[in-house]
2 protein chains.
Amino acid sequence: MTVTLADVAARARVSPATVSRVLNGNYPVAASTRERVLRAVDDLDYVLNGPASSLAAATSDLVGILVNDIADPFFGIMAGAAQTEIGGPGDGSGRAGGEKLAVVCNTGGSPARELTYLTLLQRQRAAAVILTGGAVEDPAHQAAMAAKLAKLADAGTRVVLCGRPPLPEGEAVVAALAFDNRGGGRRLTEHLLTLGHRRIGYVAGPVERTTTRHRLEGHRDAMAAAGLYGDDTTTEGRLANARDEDRLTVHGPYDRRSGYDATLELLRREPEVTAIVAANDTVALGASAAIRDRGLRIPEDISVAGFDDLPFSVDAVPALTTVRLPLFEAGARAGRLAMGKETPPPGGIATIAAELMVRGSTAPPRK
Amino acid sequence: MTVTLADVAARARVSPATVSRVLNGNYPVAASTRERVLRAVDDLDYVLNGPASSLAAATSDLVGILVNDIADPFFGIMAGAAQTEIGGPGDGSGRAGGEKLAVVCNTGGSPARELTYLTLLQRQRAAAVILTGGAVEDPAHQAAMAAKLAKLADAGTRVVLCGRPPLPEGEAVVAALAFDNRGGGRRLTEHLLTLGHRRIGYVAGPVERTTTRHRLEGHRDAMAAAGLYGDDTTTEGRLANARDEDRLTVHGPYDRRSGYDATLELLRREPEVTAIVAANDTVALGASAAIRDRGLRIPEDISVAGFDDLPFSVDAVPALTTVRLPLFEAGARAGRLAMGKETPPPGGIATIAAELMVRGSTAPPRK
DNA sequence: TACCGCATAGAAAGCGCTTGCTACGGCTGT
DNA sequence: ACAGCCGTAGCAAGCGCTTTCTATGCGGTA
């Protein structure tokens, strides 16, 4: 029924070993023999049995890319970039020689699914795994992840982090490419402060996500440095500041709906807000909609800012002030790292700069 | 080094066969034995060797989802929905029992890569394959695809089409869920005609893509039915109509940049245009930017419409008139079909309705 | 009491490939 | 002219699992 290596060997009048070597190209085979084998492969329409091959060789050509939300271009762009580096050009002959199978796995942000996918990938003896985007900070989960990754690395799977902070003990990992979320967040808020804003609302991402925390910390660093939230360091002062921070921060998922709802909430809590900083561009879009539905103008009445600089942000009206993350470049680099085509940065850790993009959605507050 | 079935068997003091049966749960095993085995599995931190298992059982738990552009939420939404049906909830125990590994593969719209991925999936003896989105209409490629899919089906892989028209001879396929692109396109243009528009520009997708052709045909059907492009059926008249159609149509990729450039081109060719229909929402966003950069207002000077109703479309300013496709539902259904959890529609073909969403970006043309 | 059948466990034969080792010419070097 | 090599090809032993077939022990029944 199905064609096997042995069939090809018979037709080419060579041993199975020779066919295998022709196909893998890691052993000298005379040109004439090779040609005969290749013709037999074509004639018989032979397709390698992946499982058998992986079993015998104890490795597979699977590369897994884990993303938190596949419907979010933030991940799509990174994953796509990584795939271009991993998949190779593809010759269309259907022969697929030397290709790796780059596949993306959607965790939906669930720690359990993240672990499950890792196990599944481990089962397949994946050649490499790329983890993208923020991590969940729950200690139990972090420990489980670290253990799992260590085991993967042990089994020869290359592990690369992309847009995710390094592990506590990062030995298991080939490389970690971390975005400068904190710095980006800080510069964004500094921009707003420079424009003269003082009461700034913050629509944050889900709690316990590193991305969320880092961006928020950047924001608060800037606020604190400006003496906002007060620099009253007495116990009472600190409490008051904390209350202030909390009042002006709302957490929610990274989607437009959350941005919409949170902004309405912020507006209710503090009508005097003159700017809203969103956890990312998608959230910013929802925030903008809420502001407009409230009958307010952007940026005249309220400034809005996002994060990521996704492609649609420049088309928002007005164009969104945001922080650009080089998602494509980072994804591509992660792909190369996973393939061993690029040497890891010193220490295995690289921080990727975030660039402030000032556009029309931010302006000085009205007097 | 690595733990094998035999190690588990030894520790549980049973035969490897018994361990295998406990893990696969398709053979009676006494409760006490099962428990002993399970404990041994946990103690040893055993992870099944996927390749070995697939080799012996001649099937794998891989399910491939092919998408044209992973950075496009159009595909992300479908793929994510399909994955939720396939991956199961995941128990977080890391045991990953009975799970399928749903993976998405990004073809980038390239026929060669599409074929390559199919070969790679065939190699892995994938349990199922879901093809999403429009197909390329090149006859050679179509034939190659049909052959490849037939071979996959032959090998026991379930093939499901989602948002893609059925194959010429669809026997190889479990089911085809096709969007009513033509009907949606027609109703969208009828809406514009009803508003009073007569000179309507069309920013189409890439040529040779089924999606592109169907949406465009819907548009032209509506135009023709309204007597636009003339109903002159003489040879000369037909030629004139065709020229008119071509002058008001520009093709390009499904991205914002293409929408921007094409709209500028359309405006140059025919300054009297009162509406622009875009191939999809992303393109519509680019088109809107171009219109605004030209100093024109939407919808007062020019109406704009998209297709797909992606989440961001409602947040555009003004909100985008578009055609809603139930992407999530379709993806989920494709996932269930791929898992054999749902019986295929009669004839294996289902057409999925497209619903017109009238919003602020379209209005009657100025007198 | 003797027999049959069911429930459960084990033995062993592969699944299709990779790869270390061996075998065999013909060439080169002295 | 002979030894030693290099370049190729084949042999055969697994890789770790699934599954068919067989073995065993037990309870129930005649």
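Letters A, B, ... mirror the listed sequences (proteins, then strands); counts begin at 1. Note that the structure is a prediction, hence the values are computed from the model and not measured.
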For A/Arg21 and C/dT19, what is the distance between atoms CZ and P respectively, to the nearest whole Å? 10 Å
Which residue, A/Pro16 or B/Val29, contacts DNA chain C at a nucleotide closer to its 5' end, judged by nearest heavy atom? B/Val29
Whether A/Ser60 side chain and A/Ser54 backbone form a donor-acceptor pair below 3.5 Å: no
By the 4.0 Å heavy-atom rule, please label B/Ala58 as base, sugar-phosphate, or nothing. nothing
Just how far, in rounded Å, is C1' of D/dC21 from OH of B/Tyr27? 9 Å
When you match B/Thr33 and B/Leu55 each to their closest nucleotide on DNA chain C, which lands nearer the 5' end? B/Thr33
Within the pair A/Thr4 and C/dG16, is there a side-chain N or O less than 4.0 Å away from OP1 or OP2? no
Let me know the distance between CZ of B/Arg123 and P of C/dC17, rounded to the nearest Å. 11 Å
Between A/Ser15 and D/dA9, does any side-chain N or O lie under 4.0 Å from OP1 or OP2? no
Taking 4.0 Å as the cut-off, does a side-chain nitrogen or oxygen of B/Thr18 come that near to OP1 or OP2 on C/dA9? no
With nearest nucleotide decided by heavy atoms, which residue, A/Arg13 or B/Leu23, maps closer to the 5′ end of DNA chain D? A/Arg13
Whole-Å distance between C/dA9 C1' and B/Arg36 CZ? 11 Å
Among side-chain atoms of A/Thr107 and A/Ser110, is any donor-acceptor pair under 3.5 angstrom? no
Write down the distance between CZ (B/Arg125) and C1' (C/dC17), rounded to a whole number of angstrom. 11 Å
Side chain to side chain, A/Val29 and A/Val14, heavy atoms closer than 4.5 Å: no
Are side-chain N/O atoms of B/Gln122 and B/Asp154 paired as donor and acceptor at under 3.5 Å? no
Are any side-chain N or O atoms of B/Glu342 and backbone N or O atoms of B/Arg336, one a donor and one an acceptor, separated by less than 3.5 Å? no
Atom-pair distance (CG on A/Leu5; P on D/dA12), nearest Å: 17 Å
What is the distance, to the nearest angstrom, from the CG atom on B/Asn49 to the P atom on C/dC15? 18 Å
What is the separation between atom CG on A/Asn26 and atom P on C/dC17, rounded to the nearest whole Å? 15 Å
Does a nitrogen or oxygen in the side chain of B/Asn24 sit under 4.0 Å from OP1 or OP2 of D/dT18? yes
